[in-house]
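Heads up: the structure comes next, in structure tokens.
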Amino acid sequence: MSNAKDIFLKEATTSTADGPQRIFINKALGGYYTNRDIQKARYRDWERARDVASLAKWTAVNDLANTLEAFVAKFESNGGKVHWARDAEEARQIILQLIAKAKAKAVVKSKCMTTEEIHLNDALEKAGYSVVESDLGEFIQQLRGEAPYHFVFPCMHVKREEISALFTKHLGTAATNSPEELTMIARRHLRQLYVDADVGITGANFLVAETGQISITENEGNARLTAALPRIHIALSGIEKVVKKLDDLSVLLPMLATAGAGQPMTCYNTLYSGPRKPGECDGPEEFHLVLLDNARTQILADPEQRDSLHCIRCGACLNVCPIFKNIGGLAYGTTYQGPIGSVITPHLRGLKQWNHLSAASSLCGACTDACPVRIDLHHHLLQNRRNANQTSPTWFDRLFHRGFNFVISRPRLFAFGGRVFRFTLPLLKKIPLPYLSAWLKTRDLPPAPAQSFRQQWKESSHG
Amino acid sequence: MANARDEILARVREALKVTAPKPHFKSEPVSGRSTGTVKAWLPDGGETLSEQLNLLTENLAKLKANLVRVSDVSAAHQALQQIALTKKWKKVAYHSHPLVSPAAEALNCEKWEVTSSFDKQKLEGCDAGITSCEALVAQLGSILVSSESSGGRSLSVLPPVHVVIATVDQVVADLEVCFAEVLAKHGQKLPSMLSFITGPSRTGDIERILVLGAHGPKELYVILIG
């Protein structure tokens, strides 16, 4: 049994049993459903808009080498510098070297899941830099010393009383029950840190090959400030974020906002094409972009699951997922939670250790239905189960399938087995068997039918 | 050690030797986006100027931004003065622009024009930032600002109030038209930053409850002339 799986089972069992917390999460998501539906209704044809959005990503991803090269040429001609990183370690080293070269002390970050993926904060702190998350949710999670609960809503599981106590402890502020006052405390605290920081680190939602711009989507204005005030701007992006045309964003930006947060458009959608230009009032002197592979080419090499690289990280699949809503985001133990996380984490961290996430699925397909770029999420979960069985079956899987094949290919044995099974079925509730007893703990065992299907068929008029 | 760039691109090319199926489309979509067909599927941006203005007004109201419609430039100056009085501004920042400079200079408080000798600490102490914009998008209620036309990157986001002064001929129907205009206007020389501002800064990070003014402006005013 793998460690990750044990932790998952333990965490998921605990969080599923926490009724009040589940009610709290569902209440938080309730507002999202209402707003999302209001905004979706403004689309004259949401389904066809999904076609266009998925085609835009499909076109870029299936011509990734050329699209990336076109993007990089444009980006560098605008005055930015591109750095390529094969894996997380290489990306961390590049960023550390850039910061060291700039003789920087303080780093301010805006929300970027890719930096979570490469565990950048740990590396920066170990190297002696002060690093502060400026997105409110990420700031709260940083103070809590906890990974984000949801990759779009990082602290959606935390109650305002807890945030108030957290701010009192770390910032020395008076207790308050008002979300507005709490937001203003963070705003005031982070203001000076922005002004003082030498380096700003952001992510990127899209890279536009046509113009060499990077596009950043956010609501708070913290990414705008992160890319405006420090001397150096470093952006980190996966290679799959590239799109061909600027015009692709006229579909992708509104759909990201609607699917992700039930907004018509996220508050700030900003395109950066380079460092400060002559004649411009402000902006960084240097603009660096780190392009990260980190197993993305491995996903690309799997044509069946290649479309999981279309993901625009809106989080819609998490918001509708019955598993996410019940076990919560922390139980996953991954950077990317929910259905998309269960699909891609086995590629990023190994199928053997992470295939259990694909088993934790009702296969209801709500995720596939919610995805604005039509990623076939629930089928990918099934494929992961199949792949895990083919490449690293457990002794139980091996034994079970061998036995099943043996019996199913022998009709007489099958009929005999069925008869035995019908009589012994009630015993299963009483005898603890591996796997089965865990399954039956939360499920009712239906009574065995008096006759087998084949008997019923024979006795009916069909026979 | 092989060059990371070459190695990643080689991995990509190797992976793409096998083709992937297209997504399951509802209908065969238009592959070239230049036809403009997608407009029929996204939220409406309005055909005529009056439809566009109605949509813009409606969308800005929903976003909790304040739209002030005025007939001419002198009325715009008065509108700005009115806001300055109600908000009791002591110090404002603005940038050099034919629409912005005269309006800001007419104000009865301390005024500061941002130039390339920039002091971020000083901007932090201002009550408002006054800027022009590139375009207003009726479809979404978005305002496109740029580092070129809006006094750099921080003027429109650091002070607690952002005032945009614009004219009705800057209103465009939707994002598609807006991007086409940006490319036509700037060509290869794009401003280093282009930003769509859609309402005042906001967050829902605490219990998914909407709070305005997370890091950017708490209030957004659009003074629209014409």
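Hydrogens, waters and symmetry mates play no part in the numbers below; they use all other heavy atoms, side chains included. Throughout, protein chains are lettered first and strands after them, A, B, ... in sequence-line order, and every chain is numbered starting at 1.
- The parts of B:L194 that come within reach of chain A are both its backbone and its side chain, each placing non-hydrogen atoms under 4.5 angstrom from that chain.
- Heavy-atom distances place no part of B:S146 under 4.5 Å from chain A, backbone and side chain included.
- Neither the backbone nor the side chain of A:R50 comes within less than 4.5 Å of any heavy atom in chain B.
- Dense packing is recorded around NZ of A:K244, with more than 12 heavy atoms of other residues, nucleotides or ligands lying under 6.0 Å away.
- No side-chain donor-acceptor contact under 3.5 Å links A:D87 to the backbone of A:D293.
- With hydrogens and angles left out, the side-chain atoms of B:S156 and A:R224 include a donor and acceptor closer than 3.5 Å.
- Heavy-atom pairs under 4.5 Å with chain B were tallied for A:P275, A:G31, A:P154; the largest tally goes to A:P275.
- Here the side chain of B:N59 pairs a donor or acceptor atom with the backbone of B:L55 at under 3.5 angstrom.
- Side-chain atoms of A:T217 and A:N269 form a donor-acceptor pair, as typed in the model, at a separation below 3.5 Å.
- Taking the six-membered ring for Trp and the full ring otherwise, the centers of A:Y272 and A:H233 sit less than 6.0 Å from each other.
- Salt bridge A:K40/A:E47: absent, no basic N to carboxylate O contact under 4.0 Å.
- With a 4.5 Å cut-off on non-hydrogen atoms, B:K189 touches chain A through its backbone and its side chain both.
- Heavy-atom distances place the side chain of B:V211, and not its backbone, under 4.5 Å from chain A.
- With a 4.5 angstrom heavy-atom cutoff, B:S147 touches chain A via backbone and side-chain atoms both.
- Proximity to chain B (any heavy atom under 4.5 Å) is restricted, for A:I163, to the side chain, taken from C-beta onward.
- Neither the backbone nor the side chain of A:I299 comes within contact range of chain B; no heavy atoms are under 4.5 Å apart.
- For A:A257, no part lies under 4.5 angstrom from a heavy atom of chain B.
- Counting heavy-atom pairs closer than 4.5 Å to chain B, the top-ranked of the candidates A:G274, A:P264, A:G283, A:G279 is A:G274.
- Few gaps surround NZ on A:K159; more than 12 heavy atoms of other groups in view lie less than 6.0 Å from it.
- For the pair B:K22 and A:W58, the cation sits on the ring face: its NZ or CZ lies under 6.0 Å from the ring centre, inside 45° of the axis.
- Heavy atoms of A:I25 lying under 4.5 Å from chain B are absent altogether.
- Here B:P21 is the residue among B:P21, B:A10, B:G141, B:G204 with the most heavy-atom pairs under 4.5 Å with chain A.
- Between chain A and the residues B:L140, B:T203, B:L16, the most heavy-atom pairs under 4.5 angstrom are made by B:L16.
- In B:K62, the NZ atom is crowded: over 12 heavy atoms of neighbouring residues, nucleotides or ligands sit closer than 6.0 Å.
- Options A:V72, A:N62, A:L271 differ in how many heavy-atom pairs under 4.5 Å they form with chain B, and the most are formed by A:L271.
- For B:E14, no part lies under 4.5 angstrom from a heavy atom of chain A.
- For the pair A:A228 and B:R153, the tightest heavy-atom approach, listed with the atom from each and the gap, is CB-CB, 3.6 Å.
- With salt bridges taken as basic N to acidic carboxylate O contacts below 4.0 Å, one links B:R13 and A:E69.
- In this structure, no portion of A:E304 lies under 4.5 Å from any heavy atom of chain B.
- Of the atoms belonging to A:F24, it is side-chain heavy atoms, and not backbone ones, that fall under 4.5 Å from chain B.
- Other residues, nucleotides and ligands contribute over 12 non-hydrogen atoms within 6.0 Å of the NZ atom of B:K185.
- No donor-acceptor pair under 3.5 Å is formed between the side chain of A:S164 and the backbone N or O of A:R160.
- Using a 4.5 Å cut-off between heavy atoms, A:K57 does not touch chain B at all.
- Chain B forms more heavy-atom pairs under 4.5 Å with one residue of A:T183, A:D302, A:L246 than with any other, namely A:L246.
- Looking at A:S308, its side chain does come within 3.5 Å of a backbone N or O of A:Q305 through a donor-acceptor pair.
- For the residue pair B:S150 and B:T131, no side-chain donor N or O sits within less than 3.5 Å of a side-chain acceptor on the partner.
- Your options are B:P217, B:G152, B:A20, B:P191, and the one with the most heavy-atom pairs under 4.5 Å with chain A is B:A20.
- At a 4.5 Å heavy-atom cutoff, A:D307 makes no contact with chain B through either its backbone or its side chain.
- Taking chain B as the reference chain and counting heavy-atom pairs below 4.5 Å, the highest number among A:A65, A:A261, A:P278 is found for A:A65.
- Neither the backbone nor the side chain of A:I375 comes within less than 4.5 Å of any heavy atom of chain B.
- Neither the backbone nor the side chain of B:L210 comes within contact range of chain A; no heavy atom of the residue lies under 4.5 Å from a heavy atom of that chain.
- Across A:Q39, A:H157, A:Q192, the residue that shares the most heavy-atom pairs under 4.5 angstrom with chain B is A:Q192.
- Ranked by heavy-atom pairs shorter than 4.5 Å toward chain A, the options B:V114, B:L158, B:V177 are led by B:L158.
- When each of B:V137, B:L123, B:L190 is scored by its heavy-atom pairs under 4.5 Å with chain A, the top score falls to B:L190.
- Residue A:Q298: no heavy atom, backbone or side chain, is found under 4.5 Å from chain B.
- Contact of A:E218 with chain B is not made at all, since no heavy-atom distance falls under 4.5 Å.
- Residue A:T266 touches chain B through its backbone alone, counting heavy-atom pairs closer than 4.5 Å.
- Most heavy-atom pairs under 4.5 Å with chain A, from the set B:G216, B:S192, B:S195: that is B:S192.
- Donor-acceptor pairing under 3.5 Å is recorded for the side chains of B:S142 and B:T198.
- Looking at A:V195, the atoms closer than 4.5 Å to chain B (heavy atoms on both sides) sit in the backbone and in the side chain alike.
- Of the possible donor and acceptor atoms, one in the side chain of B:D127 sits under 3.5 Å from a partner among the backbone N and O of B:K90.
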